[in-house]
Amino acid sequence: MEIDVQSLIFEFLGGLGIFLLGIKFMGDGLQRSAGDRLRDILDRFTSNPFLGVLAGIVVTILIQSSSGTTVLTVGLVSAGFMTLRQAIGVIMGANIGTTATAFIIGIDIGEYALPILAVGSFLIFFFNNQKVNAVGQTFFGFGALFFGLDLMSSGMSPLRSLDAFHELTVSMSETPILGVVVGTVFTLIVQSSTATIGILQGLFAQGAIDLKAALPVLFGDNIGTTITAILASLGASIAAKRAALTHVIFNLVGAIVFLIFLGLFTSFIAYLQGQLSLNPQMTIAFAHGSFNIMNTVIQFPFIGGLAWLVTKLIPGEDTIIEYKPQHLDPIVINKSSSLALEQAKLEVIRMGEFAHRGLEETLKYAQTSETKHSEIAMQVEGAINSLDRKITEYLVNISAESLTKWERDKHTLLMDSVRDIERIGDHFENVIELIDYRITNKVDLTEQAMDDLNKMFDLTLLTVKQSMECLDNRDKELALEVIRKEEQIDQMERKYRKRHIIRVNEGLCSASAGIVFVDILSNLERIGDHAVNIVEEILEQQ
């Protein structure tokens with residue numbers, strides 16, 4: 001029998017492309033339908049590793065990617081939302097959650113792929129409602145997943161009669177480690193264990209590969225999928241690198257354990273297939289699910305040891321931005337409004353210190369163009385936004401109590417200060433975006449312009465720092481000093497802007513550099529205004 005190699009390759013690659021697009025669309029649609037609550041799920045339900053496993057399963061089913069969940073987790077560990085021990089639980093859960101797609105594939109609805117695609121397309125194109133569009137996107141992804149699979153399967157069907165392929169599968173049956181390598185390498189290339197397992201389901205259904213050869217490939221898929229987390233952690237913090245290494249060790253240990261007991265595991269899956277009358281695709285789905293659930297059960301008691309091991313393998317202190325409030329105790333509100341306000345004040349000052357740190361990192365980014373500074377600044381901005389919500393909520397609860405005149409004044413001051421500090425965060429975020437633009441578009445600022453920026457940055461930093469000290473101590477002299485400094489910032493902005501216009505007119509500086517420079521000045525001037533708002537209110541209340 002003559003095999004048409006071109007149509008085999010084209011159908012396989014085209015099917016794979018549609019399949020990957022389907023997974024992405026399905027994940028994006030589910031994510032949009034669920035709203036932006038994924039981070040909340042991970043943040044709220046990871047107080048212990050067991051809940052972390054459940055959170056990992058749920059989020060992975062929603063975004064259809066264990067790598068996506070791991071990358072999200074890596075980000076949360078970097079941001080201080082989650083400890084390494086909690087993250088390990090989520091990573092274990094992500095491995096279980098990713099098996100959901102294999103089970104979906106196991107339900108034989110390939111013949112309905114095209115109508116499902118059509119329904120998805122209609123919901124996307126004929127409705128203006130975002131929720132309906134998100135559902136349409138999920139349907140479209142769902143249909144594309146099956147359509148791509150069908151194409152891949154029909155492309156792969158001639159492989160059965162190919163001697164070389166038959167010899168490879170026999171070798172994989174006799175040498176399981178070869179199957180692991182094949183699964184790992186293919187998943188590294190495709191960047192999706194779900195796709196590799198989809199292909200494996202297709203081959204098994206076509207009878208091109210037997211169970212004993214298919215299972216090691218499945219173990220390899222789980223190792224290959226860790227590459228995405230590794231790539232995500234390359235430039236990231238030490239905590240992120242540790243979380244990614246955990247993912248690798250977890251899947252590697254699982255593959256080794258199951259290779260040792262391959263005979264037993266194969267018999268177990270064959271028994272399930274017979275008892276439950278599973279079709280070939282569902283058999284592989286059950287094998288994938290069983291592998292990940294058993295692996296989690298085996299390694300779950302060793303989470304502490306796993307955390308210790310990766311900390312030893314990747315040593316060093318990590319810079320973690322602690323998002324969570326440290327002083328807001330809801331019990332205090334009912335006991336003493338005055339004490340609750342004092343707690344809130346401590347948290348507002350902490351938020352102000354974050355604003356100062358974010359501005360410092362922004363200056364370092366402007367001076368060095370090193371992305372680690374912009375990443376820390378953006379983490380700090382995230383912490384400021386998180387604290388803004390938590391402190392405002394806490395202050396709203398305090399206002400429900402009966403307050404004295406002095407307490408009401410303090411409450412107003414703190415409410416307004418939170419808003420001003422949050423705006424400072426927004427402005428240094430704007431500055432980071434301007435620096436990003438400068439770097440991406442290779443916009444050069446003159447030495448004089450950089451010198452002017454550094455001076456204005458230094459003065460703004462000092463103004464923010466002193467306004468926080470003033471909020472802490474209610475120091476009238478310091479408040480007046482902050483107001484004087486802010487006036488200097490205003491004068492600086494006017495003076496430097498004029499200088500820059502002269503430079504542009506003389507051709508020493510480009511127009512795009514002029515826009516970047518002037519916009520950064522304007523944001524720094526606005527930061528000065530917000531620092532003054534805080535101290536002016538203190539002066540008015542004295």
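Quick caveat: nothing in here was measured; it's all calculated off a predicted structure. Count residues from 1 along the sequence.
- The local environment of NZ in Lys345 is crowded, with over 12 non-hydrogen atoms from other residues, nucleotides or ligands closer than 6.0 Å.
- In Tyr394, the OH atom is crowded: over 12 heavy atoms of neighbouring residues, nucleotides or ligands sit closer than 6.0 Å.
- Atom CZ of Phe268 and atom CE of Met294 lie 4.0 Å apart (nearest 0.5 Å).
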Q: Could you walk me through whether Ile269 and Thr283 pass side-chain contact (heavy atoms from CB on, under 4.5 Å), step by step?
A: CA-CA 7 Å; Ile269 298 302; Thr283 305; 3.7 Å; yes
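- In this structure, Met415 and Val396 have side chains that are in contact, with non-hydrogen atoms separated by less than 4.5 Å.
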**Q.** Full working for side-chain contact (heavy atoms from CB on, under 4.5 Å) between Ile432 and His373
**A.** CA-CA 10 Å; Ile432 286 169; His373 296 301; over 6 Å; no
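- A salt bridge does not link Arg423 to Asp420: none of the charged nitrogens lies less than 4.0 Å from a carboxylate oxygen.
- Separation of atoms CD1 (Ile424) and CG (Leu359) is listed at 8.0 Å; rounding is to 0.5 Å.
- Residues passing the salt bridge (Lys or Arg N to Asp or Glu O under 4.0 Å) test with Asp436: none are found, sequence neighbours excluded.
- A distance of 10.5 Å separates OG1 in Thr392 from CG in Leu414, rounded to the nearest 0.5 Å.
- Of the possible donor and acceptor atoms, one in the side chain of Gln299 sits under 3.5 Å from a partner among the backbone N and O of Phe250.
- Residues meeting the salt bridge (Lys or Arg N to Asp or Glu O under 4.0 Å) test with Glu347, sequence neighbours left out: Arg350.
- Below 30°, between 30° and 60°, or above 60°: for Phe103 and Phe286 the angle between ring planes is above 60°, a perpendicular geometry.
- The two atoms that bring Pro280 and Ala205 nearest to each other are CB-CA, 3.5 Å, heavy atoms only.
- Of all the heavy atoms in Ala213 and Val217, the pair that sits closest is O-CG2, 3.4 Å.
- Of all heavy-atom pairs between Met351 and Val418, the closest is CE-O, 3.6 Å.
- Of all the heavy atoms in Ala344 and Leu395, the pair that sits closest is CB-CD2, 3.8 Å.
- One distance of note links CZ of Phe428 with CG of Leu434; it measures 14.0 Å at 0.5 Å rounding.
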Q: Please step through side-chain contact (heavy atoms from CB on, under 4.5 Å) for the pair Ile249 and Val253, ending with a clear verdict.
A: CA-CA 6 Å; Ile249 292 171; Val253 169; 4.0 Å; yes
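- Heavy-atom minimum distance, Glu422 versus Asn385: OE2-OD1, 3.1 Å.
- Here the CG atom belonging to Asn292 is positioned 8.5 Å from the CZ atom belonging to Phe258, to the nearest 0.5 angstrom.
- In terms of the salt bridge (Lys or Arg N to Asp or Glu O under 4.0 Å) criterion, Arg438 has no residue partners (sequence neighbours excluded).
- Relative ring orientation between Phe219 and Phe265 is described as tilted, the plane-to-plane angle lying within the 30° to 60° band.
- Dense packing is recorded around CD of Glu370, with more than 12 heavy atoms of other residues, nucleotides or ligands lying under 6.0 Å away.
- With Asn95 as reference, Asn251 is the one residue of Thr296, Asn222, Asn295, Asn251 to meet the side chain to side chain donor-acceptor pair (under 3.5 Å) rule.
- Counting heavy atoms from C-beta on, the side chains of Ile435 and Ser374 never come closer than 4.5 Å.
- Judged by distance alone, the side chain of Asp221 and the main-chain N or O of Thr184 form no donor-acceptor pair under 3.5 Å.
- Thr371 contributes atom OG1, which lies 8.5 Å from atom CD1 of Ile439 (distance to the nearest 0.5 angstrom).
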Q: In sequence, state the C-alpha distance, the side-chain angles, and the governing distance for Phe302 and Leu306, and then conclude on side-chain contact (heavy atoms from CB on, under 4.5 Å).
A: CA-CA 6 Å; Phe302 305 107; Leu306 207 48; 5.6 Å; no
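- Ring geometry for Phe25 versus Phe140: interplanar angle of 30 to 60°, hence tilted.
- Contact detail for Thr362 and Ala377: the closest heavy-atom pair is OG1-CB, 4.0 Å.
- Panel note: side chain Arg242, backbone Ile314; a donor-acceptor pair is recorded below 3.5 Å.
- In terms of modelled atom types and a separation under 3.5 Å, the side chain of Thr99 and the main chain of Ile96 share a donor-acceptor contact.
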